[in-house]
There are 2 protein chains.
Amino acid sequence: MWNDTSRTDASATVTPKTGYHHGDLRAQLIAAVRDLVETHGPDGFSVAEAARRAGVSSAAPYKHFKDRPEILRGVVSEAMDRLRLVMEAAAAAHPTGSLEAVAAIGLAYVDFARAEPGVFRLVFSLTEGHEDAPDLQTKGEGCFGVLVQAVAACLDLPPGNPDVQRRSYMLWSFVHGHSFLNIDMKTKVTTAEIDDWGYLMTISRAILAGSAQS
Amino acid sequence: MWNDTSRTDASATVTPKTGYHHGDLRAQLIAAVRDLVETHGPDGFSVAEAARRAGVSSAAPYKHFKDRPEILRGVVSEAMDRLRLVMEAAAAAHPTGSLEAVAAIGLAYVDFARAEPGVFRLVFSLTEGHEDAPDLQTKGEGCFGVLVQAVAACLDLPPGNPDVQRRSYMLWSFVHGHSFLNIDMKTKVTTAEIDDWGYLMTISRAILAGSAQS
DNA sequence: GCCAATATGTGAGAGGTGCTAACTTTAGTC
DNA sequence: GACTAAAGTTAGCACCTCTCACATATTGGC
């Protein structure tokens, strides 16, 4: 099993195959699908088009993926890896246990959604074959775990503490909703535009300072 | 223009046509699509299958809708009407200006998402032809307006007040994110399950009481 | 009441898509 | 060098979207 998804550098948009065997088809298909999802929306993608972009026949993808949903799952998996990385990097840029670290994680999340709205939407719209993909579940929990760690450090409590979990979930809900609303009505938020950093700091403070109940 | 979407009662699942002319095809197609979206996921729907359910040929739908996205937009439009209604009803069940009214609106929102996760997701996943449908935009703002009204009454400020707008948006983000996370990992929220009402009351209080900045 | 005009249905069909089957080429192993 | 498995190919079925030409109701003007 060679799940080497990240072998190609992301900048290589179209690297035609070098012979009969492509050598890097799987990764390149994922990259092509990611691009298609981003430009033509989550539905405006077809396996055939992705194969065309990679310069192979329309049947070739099925040597690497069972079916269409599995390709999308591949894209989601790769996206979740990247999301986790930017979240961790954001947290690492601030002192451990600081409110800024928590807010920075949220900002990274929002920025990711804004940078790749199509992929972001795809991550949270996988209904078909979502359950028979425990690795995605695991990766999702991994992302959440980054936030939980920061919150736990901030409150000086263990990550397993119910209060930590609850407040983390509240923060996540908030950031998640903000991200979605943000990419849905892009730049047209009905009200005045929002300074994300101040916004997230305010939210983080409110949620981490308030009393816990219910 | 006869946009009479709500002529059929929702309980009539399959009302076969009565003659050559169907008489109520448009509404029944929307109902069929709504059901398909709910049971087979937002992607597992086809115009042909919807037509089959309504007992007409696969070309008939195109007499009522320009193309596939327009049918989905019809479903979304109808869903937004219903969403607004339940939000208004929830608000009306509590004293004007009370915190309970605000929380009840949020609960109605979450309940809607839980009751019709497929449709709910569809509402917020329309990328194709989303912009050339100003009525959907308007209806979305209408739903938001219900919340804004309640918040304004609660704070005793006019609805146009920037602070009212900001806090409403915060609440909306929260409820929206909670709804999405809720239907994504159904009942498996990693942490202990959540009492929605207490949760929403806590949030509403925190957001409406806290100081406004940024 | 009659007759256009229009609305709403039908079947046939072009072109695209998902996926499979059977075959061919390449790479790795003994 | 032969065998095997991996990774491509073409051909093709079933389905889907959408259009076109045609058939049939409904409606409004006279």
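Numbers restart at 1 for each chain; the letters A, B, ... are given by sequence-line order, proteins then strands.
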*Got a second to check how far B/F174's CZ is from B/M170's CE, nearest 0.5 Å?*
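One gets 10.0 Å once the value is rounded to the nearest 0.5 Å.
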
*What's the spacing between A/E88 CD and A/L83 CG if we round to 0.5 Å?*
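One gets 10.0 Å once the value is rounded to the nearest 0.5 Å.
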
*Quick one: is B/H64 getting a side-chain N or O under 4.0 Å of the C/dG9 phosphate, OP1 or OP2?*
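Yes, B/H64 has a side-chain N/O under 4.0 Å of OP1/OP2 on C/dG9.
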
*asked:* Is there a salt bridge (Lys or Arg N to Asp or Glu O under 4.0 Å) between A/R121 and A/D184? Walk through the geometry before answering.
replied: CA-CA 10 Å; A/R121 217 181 242 115; A/D184 270 334; 2.6 Å; yes

Can you measure [X] atom [atom1] to [N] atom [atom2] for me and round it to whole angstrom units?
X	N	atom1	atom2	value
B/K66	D/dT17	NZ	C1'	13 Å
A/I71	C/dT17	CD1	P	13 Å
A/Q28	D/dA7	CD	P	15 Å
B/Y62	D/dA21	OH	P	18 Å
A/H40	C/dT17	NE2	P	11 Å
A/L29	D/dA7	CG	P	12 Å
A/L36	C/dT17	CG	P	11 Å
A/F65	C/dG18	CZ	C1'	15 Å

When you compare the protein's N or O atoms with those of nucleotides 10-16 of chain D, which come within less than 3.5 Å of each other, and at what distance?
from: D/dC16; atom 1: OP2; to: B/R52; atom 2: NH2; distance (Å): 3.3

_Are B/Y109 and B/H178, when compared by the centres of their aromatic rings, separated by less than 6.0 Å?_
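No, they do not, as the ring centres are separated by 6.0 Å or more.
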
*B/F180 and A/F124: aromatic ring centres closer than 6.0 Å?*
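No, too far apart.
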
*Not counting sequence neighbours, which residues clear side chain to side chain contact (heavy atoms under 4.5 Å, CB included) with B/A103? List them please.*
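Applying side chain to side chain contact (heavy atoms under 4.5 Å, CB included) to B/A103 gives B/W197, B/L200, B/M201, B/S204.
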
